[in-house]
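For reference, positions follow the sequence shown, starting with 1.
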Amino acid sequence: METWRVIATALLAAAGLPLVLVVMAKVRDRTQSSGNVALGGVVTFTFLVVVGVLTLTVLPGTVSWAFVAVVAAAVSVMLLAG
């Protein structure tokens, strides 16, 4: 396994954990429903796991790094928008 794949996946996971938490907080603020909060967290976490596995195995470099950039940008915007 190439080193860049491991680094990209680690960065994706590092940016993805806050993304899951921010998505869950946004869902809680909008719906006040614990079921919807859990569902939002599960969907976001599942997406990140699937993208992480694909990054480790089959995605080309540009697509992998694009996913890392998009997730990092999404987290940044969500945290700044507060």
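- Between Trp65 and Val68, some side-chain heavy-atom pair lies under the 4.5 Å cut-off.
- The two residues Pro60 and Trp4 make their nearest non-hydrogen contact at C-CH2, 4.0 Å.
- Residue Leu19 forms a side chain to side chain contact (heavy atoms under 4.5 Å, CB included) with just one option from Leu79, Leu12, Thr44, and that option is Thr44.
- At a threshold of 4.5 Å between side-chain heavy atoms, the hydrophobic network of Ile, Leu, Val, Met, Phe, Trp and Tyr places Phe47 and Val58 in one connected group.
- Residue Leu39 holds its CG atom at 10.0 Å from CE of Met24, rounded to the nearest 0.5 Å.
- Met78 places a side-chain heavy atom less than 4.5 Å from the side chain of Val23.
- Applying the side-chain hydrogen bond (donor to acceptor under 3.5 Å, both in side chains) rule to Gln32 yields no partners; only residues at least two apart in sequence or on another chain are considered.
- Arg5 places a side-chain N or O within 3.5 Å of a backbone atom of Thr55 that can act as its donor or acceptor partner.
- Listed here is the closest heavy atom pair of Ala15 and Val75: O-CG2, 3.1 Å.
- Taking 4.5 Å as the limit, every side-chain heavy atom of Pro18 sits out of range of all side-chain heavy atoms of Leu21.
- Contact record, Leu59 with Ser64: CB-OG, 3.4 Å, taken as the closest heavy-atom pair.
- Of the candidates Val20, Val43, Leu17, Leu48 forms a side chain to side chain contact (heavy atoms under 4.5 Å, CB included) with just one, namely Val20.
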Evaluate side chain to side chain contact (heavy atoms under 4.5 Å, CB included) for Phe67 paired with Leu54, printing each intermediate quantity in order. CA-CA 11 Å; Phe67 271 124; Leu54 290 174; over 6 Å; no
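- Across all their heavy atoms, Val42 and Thr46 have their closest contact at O-OG1, 2.7 Å.
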